[in-house]
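Below you'll find the structure, written out as structure tokens, and then a few comments.
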Amino acid sequence: MTATDDSVLPDDPDVRRFATELGGLWEQVRSWAVPLDEAASLELYTLMDAVRRQNIAAGLVVSTVSAHAGDLSALRAGWPHFTPGQKAVLNAATAFVLEAPPPPDGAPDQAAQVVLAAVRTLLHRR
């Protein structure tokens, strides 16, 4: 299921804004922009936190998850007030960060681009 399927918030303004913020990167992120139930979303967030802690314990201070966990955790604070579309945006950003490999030297950090797009979508209201 993807965010462009008729069954998944195709007209949600926050999902559309997130897609616009991401530009060409949207194609790599859209499959994660789905409204998960509360338990599945909490499991996703818990997994991100566990990976972050594991990376720190292993001495991997600079990892994709470690680099972006703080921003995603800060966004998560708004969870109880988010619409289904806003939750789909945060789920997508979190899942992408968990799956994204570290960028090669000199390459753009796609995870950073996704997190920034989520921040812009969720915090900067128009």
Side-chain angles (χ1 to χ4, degrees):
M1 201 167 6
T2 66
T4 57
D5 292 342
D6 287 339
S7 59
V8 183
L9 309 172
D11 296 322
D12 185 89
D14 292 301
V15 173
R16 281 196 320 266
R17 181 168 180 207
F18 186 52
T20 300
E21 290 283 347
L22 287 170
L25 193 53
W26 171 243
E27 289 304 315
Q28 296 178 48
V29 177
R30 70 187 232 177
S31 64
W32 287 303
V34 295
L36 301 174
D37 63 34
E38 295 298 315
S41 184
L42 181 59
E43 184 178 321
L44 180 65
Y45 175 75
T46 302
L47 176 61
M48 181 198 63
D49 191 54
V51 169
R52 181 190 62 80
R53 290 174 191 268
Q54 184 179 33
N55 287 345
I56 290 170
L60 299 174
V61 179
V62 182
S63 73
T64 301
V65 172
S66 297
H68 304 295
D71 289 333
L72 293 170
S73 294
L75 290 174
R76 179 83 184 167
W79 186 263
H81 310 286
F82 285 169
T83 66
Q86 291 168 326
K87 290 178 178 182
V89 167
L90 184 53
N91 289 337
T94 303
F96 188 85
V97 165
L98 281 168
E99 293 288 325
D105 288 341
D109 182 352
Q110 291 183 331
Q113 293 172 314
V114 171
V115 171
L116 180 59
V119 168
R120 287 181 178 160
T121 300
L122 298 174
L123 299 182
H124 299 178
R125 309 312 306 160
R126 289 185 186 179

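Numbers here simply count residues along the sequence, with the first being 1.
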Starting from Leu116, can I reach Leu75 by hopping between I/L/V/M/F/W/Y residues whose side chains sit under 4.5 Å apart?
no
By the salt bridge (Lys or Arg N to Asp or Glu O under 4.0 Å) test, which pairs, at least two apart or in different chains, include something from residues 31-40?
Glu38-Lys87
From Arg30 atom CZ to Leu22 atom CG, the distance as rounded to the nearest 0.5 Å:
12.5 Å
Could you work out, with side-chain contact (heavy atoms from CB on, under 4.5 Å) as the rule, every residue matching Ala93, not counting sequence neighbours?
Leu72, Val114, Ala118
Applying side-chain contact (heavy atoms from CB on, under 4.5 Å), can you list everything that pairs with Ala92, at least two apart in sequence or on another chain?
Phe18, Val29, Trp32, Ala33
Side-chain donor or acceptor of Arg120 paired with backbone N/O of Arg17 under 3.5 Å:
no
side-chain contact (heavy atoms from CB on, under 4.5 Å) involving Ala19 - partner list, sequence neighbours excluded:
Trp26
Measure the spacing between CG of Leu98 and CG of Leu47 and express it to the nearest 0.5 Å.
5.0 Å
So which atom in Asp14 and which in Asp12 form the shortest heavy-atom distance, rounded to 0.1 Å?
N-OD2, 2.8 Å
For Gln113, check side-chain contact (heavy atoms from CB on, under 4.5 Å) against everything at least two apart and list the hits.
Leu25, Pro108, Gln110
Nearest 0.5 Å please: distance from the OG1 atom of Thr121 over to the CZ atom of Arg16.
12.0 Å
Return yes when atom CD of Glu27 has more than 12 non-hydrogen atoms of other residues, nucleotides or ligands closer than 6.0 Å, and no otherwise.
yes
Suppose the criterion is side chain to side chain donor-acceptor pair (under 3.5 Å): which pairs have a residue in residues 91-100, not counting sequence neighbours?
Ser41-Asn91
Look up atom CG in Leu122 and atom CZ in Phe82, then write down how far apart they are to the nearest 0.5 Å.
4.5 Å
